[in-house]
Amino acid sequence: MTGKPASGTTDLAVIGGGLHGCSLALQAALKGLSVVVLEKDSIARHASGVNAGGVRRLGRHPAEIPLSLASMRMWHEIEELVHDDCGFQVSGQVKVAETEGEMGNLRLRAEQLRSQGYEHEVLLDGEELYRLLPALKRGCPGGLACLDDGFAEPYRTTQAFRRRAEALGVRFLEKTRVLSLEARCSGCRLSTSSGELEAGVVANCAGAWAARICEQLGEPVPLEPIAPMMTVTQRLPFFVKPVVGTTGRLLSFKQMPNGTVLIGGGHRGRAEPQHNGTALDFRRLIRNVQIAADLFPSVRGARIIRCWAGIEARMPDDIPVISRSSTASNVLHAFGFSAHGFQLGPVVGRLMSELIVSGESSLSLKPFSITRFQRDRPAATS
Ligand SMILES: Cc1cc2nc3c(=O)[nH]c(=O)nc-3n(C[C@H](O)[C@H](O)[C@H](O)COP(=O)(O)OP(=O)(O)OC[C@H]3O[C@@H](n4cnc5c(N)ncnc54)[C@H](O)[C@@H]3O)c2cc1C
């Protein structure tokens, strides 16, 4: 729905039509709330529509593991939730150690996780590694893997959540920018580029622009807009099934069902949230492709078809803010996914909707509180 005026009242107004906004909208609608999603551009226009589609538990920050495990269970049943399989495929994800030193670090990680009761990451010795990745350059001592991880199609996924939410009555207002937010005890007033709206609860799912909403609420956050870059090659004969990452260098690498190879993993361009976009850094992009070609000789000489960058919110500790506002109890935040929020999309919407409806979430969100950046600030007043 584009160009419709924002007006009237709603139980929940969601700022941002990325995966997190759409997932929350769907889950809130399933719980019987009336929901409006306000999106300044179009649904899935930013990080949620252009990311690498990695659905990964492997290598998660310890604080994120419970959420990531729960989200993975939802991914395995995604068609039931959104009536679309989202292109989700179980391919496995493997982190390669290129040296004995890196292998030592992976062993340490595996031991730490096991001591905390987690068994989803498994160590691979050299033989197991080459069984999974026969095309990998020779001489790597092993790796770490999550064999039930995989990937999905990001734009399709976000649109699937939107469609399902829409079928349950959620209103999506595109080309509608939230200009200001006034939170009161009785609810919130949103002023938008296409009118005024009253909402019982507001969710800030505004991605790289989320800090502006926080500022209006008097709770500034150290959000850094970043621009991870991606490259896609021509179609190549099949040579790799799992998604591959490295331990000592920045790389994430997968071959798509159509044979093209998607190369990313953290090399960044320049984020320009003020201009609503990004600029590529070709020197870094070439470095990224060189690492891929070094690891997989099959990629050498492949033509590059397309490069792009997406704009994403990064927090200093690389974990998101998923939290009630510290200054307004009827505002919630979910942003700062630090380039790995696609996999978390399904569960974050569910947990946020639980917070809204019952005041509690079924998994602890304590590590993700906005107050971790505001140790000296007062608690919520309204
Ligand atoms: C290149 C790249 C590769 C990535 N690869 C992976 C991966 O493989 N696996 C993984 O798990 N994660 C990955 N990520 C991260 C993942 O894409 C993000 O963490 C996730 O999509 C964030 O979703 P979001 O809904 O928070 O943000 P977004 O998708 O950015 O959505 C936020 C929306 O809010 C809107 N908005 C902002 N301000 C306003 C306002 N004032 N009024 C109205 N609307 C507003 C924006 O227009 C935007 O559409 C990658 C990211 C990038 C950029």
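Both counts, for ligands and for their atoms, begin at 1 and track the order of listing. We count residues from 1, following the sequence as given.
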Does a donor on one side chain and an acceptor on the other come within less than 3.5 Å for [X] and [Y]?
{"X": "Ser42", "Y": "Glu174", "answer": "no"}
{"X": "Asp318", "Y": "His61", "answer": "no"}
{"X": "Glu219", "Y": "Ser326", "answer": "yes"}
{"X": "Ser361", "Y": "Glu354", "answer": "no"}
{"X": "Lys95", "Y": "Thr247", "answer": "no"}
{"X": "Thr10", "Y": "Glu198", "answer": "no"}
{"X": "Glu64", "Y": "His340", "answer": "yes"}

Give yes if a backbone or side-chain nitrogen or oxygen of [X] is under 3.5 Å from a nitrogen or oxygen of ligand 1, and no if not.
{"X": "Pro228", "result": "no"}
{"X": "Ala52", "result": "yes"}
{"X": "Val178", "result": "yes"}
{"X": "Ala47", "result": "yes"}

Only heavy atoms of [X], strictly under 4.0 Å: list the atoms of ligand 1 that pass.
{"X": "Ala206", "value": "32 (C), 34 (O), 37 (C), 38 (N)"}
{"X": "Asp41", "value": "47 (O)"}
{"X": "Glu312", "value": "15 (C), 16 (C), 18 (C), 19 (O), 22 (C)"}
{"X": "His46", "value": "30 (O), 46 (C), 47 (O), 48 (C), 49 (O)"}

* Structure fact -> Among Asn51, Leu19, Thr176, Thr278, closest by heavy atom to atom 6 (C) of ligand 1 is Asn51
* Asked: Which of the listed options, Gly53, Ser48, Pro225, holds the heavy atom that is closest to atom 21 (O) of ligand 1?
  -> Ser48
Should the proximity of [X] to ligand 1, defined as any heavy atom under 4.0 Å, be assigned to the side chain, the backbone, both, or neither?
{"X": "His20", "value": "both"}
{"X": "Leu38", "value": "backbone"}
{"X": "Phe342", "value": "both"}
{"X": "Glu39", "value": "both"}
{"X": "Ala339", "value": "backbone"}

Around [atom], find the nearest protein heavy atom and jot down its residue, atom name and distance.
{"atom": "atom 8 (O) of ligand 1", "answer": "Gly54 N, 2.8 Å"}
{"atom": "atom 34 (O) of ligand 1", "answer": "Gly16 CA, 3.1 Å"}
{"atom": "atom 27 (O) of ligand 1", "answer": "Gly207 CA, 3.8 Å"}
{"atom": "atom 36 (N) of ligand 1", "answer": "Lys40 CE, 3.8 Å"}
{"atom": "atom 31 (O) of ligand 1", "answer": "Gly18 CA, 3.4 Å"}

* Would you check whether Arg45 reaches within less than 4.0 Å of ligand 1, judged by its heavy atoms? =>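 False for this residue.
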* To do: Say whether Cys205 and ligand 1 are in contact under the criterion: heavy-atom distance to a ligand atom below 4.0 Å.
  =>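 Distance cut 4.0 Å: Cys205 passes for ligand 1.
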* To do: Find out whether Arg189 and Leu197 are in side-chain contact, i.e. whether some heavy atom of one side chain is under 4.5 Å from a heavy atom of the other.
  =>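 Contact flag for Arg189/Leu197 side chains = no.
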* Indicate yes or no: at least one non-hydrogen side-chain atom of Cys307 is less than 4.5 angstrom from one of Met229. => no
* Asked: Under 6.0 Å between ring centres, would you say that holds for His76 and Phe88?
  ->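 Ring centres of Phe88 and His76 closer than 6.0 Å.
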* Mark yes when over 12 heavy atoms from residues, nucleotides or ligands other than Tyr155 sit less than 6.0 Å from its OH; otherwise mark no. =>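 Not more than 12 within 6.0 Å, no.
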* So, is the end of the Arg73 side chain (NZ or CZ) under 6.0 Å from the ring centre of Trp75 and within 45° of the ring's axis? -> no
* To do: Take Leu295 and Leu136 through the side chain to side chain contact (heavy atoms under 4.5 Å, CB included) test and state the conclusion after the steps.
  => CA-CA 6 Å; Leu295 233 67; Leu136 180 67; 3.7 Å; yes
